[in-house]
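First the structure, in the form of structure tokens, and then the observations on it.
No hydrogens, no waters, no symmetry mates; every other heavy atom, side chains included, goes into these values.
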Amino acid sequence: MNHAFEIEELAALACTDTTDAAEKVECIHTLLEEKYGIDLELYQRIAEDLLPFTTLIRTAVDNQYYHAFVNYETQSTIIRCPPSKQAQEHIK
């Protein structure tokens, strides 16, 4: 998976309080180092490893299921991936 832009968006949201503040972030590398003591590459690996453990959402457009990090403030997904094999067994 390569979600470079989305990872930066997720990191900015995780390091700030609001979508507005996240949009004003100039250097996500500095924020990640200050808050978590990690770089963007490690943050990306962690986020991608955690993605299959997020809840399933179903899109309104095509009714497909995805694991996703969700920005509830904007009602949008940040990063999404197809359901894991375990989750597929529970989709009806």
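Val61 belongs to no multi-residue hydrophobic cluster, having no ILVMFWY side-chain contact under 4.5 Å with any other such residue.
If you take CG on Leu13 and CD1 on Ile28, they are separated by 9.0 Å, rounding to the nearest 0.5 Å. Put simply, OH on Tyr65 and CZ on Arg80 are 14.0 Å apart, with the number rounded to the nearest 0.5 Å.
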Listing, residues 31-42 side-chain donor-acceptor contacts under 3.5 Å, not counting sequence neighbours, or none:
residue: Lys35; atom: NZ; partner: Ala14; partner atom: O; Å: 2.7
residue: Asp39; atom: OD1; partner: Glu41; partner atom: N; Å: 3.4
residue: Asp39; atom: OD1; partner: Leu42; partner atom: N; Å: 2.9

Would you give me the side-chain donor-acceptor pairs under 3.5 Å for residues 68-75, sequence neighbours excluded?
residue: Asn71; atom: OD1; partner: Glu73; partner atom: N; Å: 2.9
residue: Asn71; atom: OD1; partner: Thr74; partner atom: N; Å: 3.2
residue: Asn71; atom: ND2; partner: Thr19; partner atom: OG1; Å: 3.1
residue: Asn71; atom: ND2; partner: Thr74; partner atom: OG1; Å: 3.4
residue: Glu73; atom: OE1; partner: Thr19; partner atom: N; Å: 3.1
residue: Glu73; atom: OE1; partner: Thr19; partner atom: OG1; Å: 3.0
residue: Thr74; atom: OG1; partner: Ser76; partner atom: OG; Å: 2.7
residue: Gln75; atom: NE2; partner: Tyr72; partner atom: O; Å: 2.7

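For Asp17, there are no side-chain contact (heavy atoms from CB on, under 4.5 Å) partners at least two apart in sequence or on another chain. A search for side-chain contact (heavy atoms from CB on, under 4.5 Å) contacts involving Asp62 returns Thr59, Gln64, Tyr66, not counting sequence neighbours. Not a single side-chain hydrogen bond (donor to acceptor under 3.5 Å, both in side chains) links Thr77 to another residue, sequence neighbours left out.
Minimum interatomic distance between Ala12 and Val25 (heavy atoms only, all atoms of both residues): CB-CG2, 4.1 Å. Heavy-atom minimum distance, His90 versus Gln86: CD2-O, 3.0 Å.
Just one of Glu6, His67, Glu48 meets the side-chain contact (heavy atoms from CB on, under 4.5 Å) condition when paired with Ile79; it is Glu6.
In this structure the side chain of Leu56 reaches within 4.5 angstrom of the side chain of Pro83, judged on heavy atoms.
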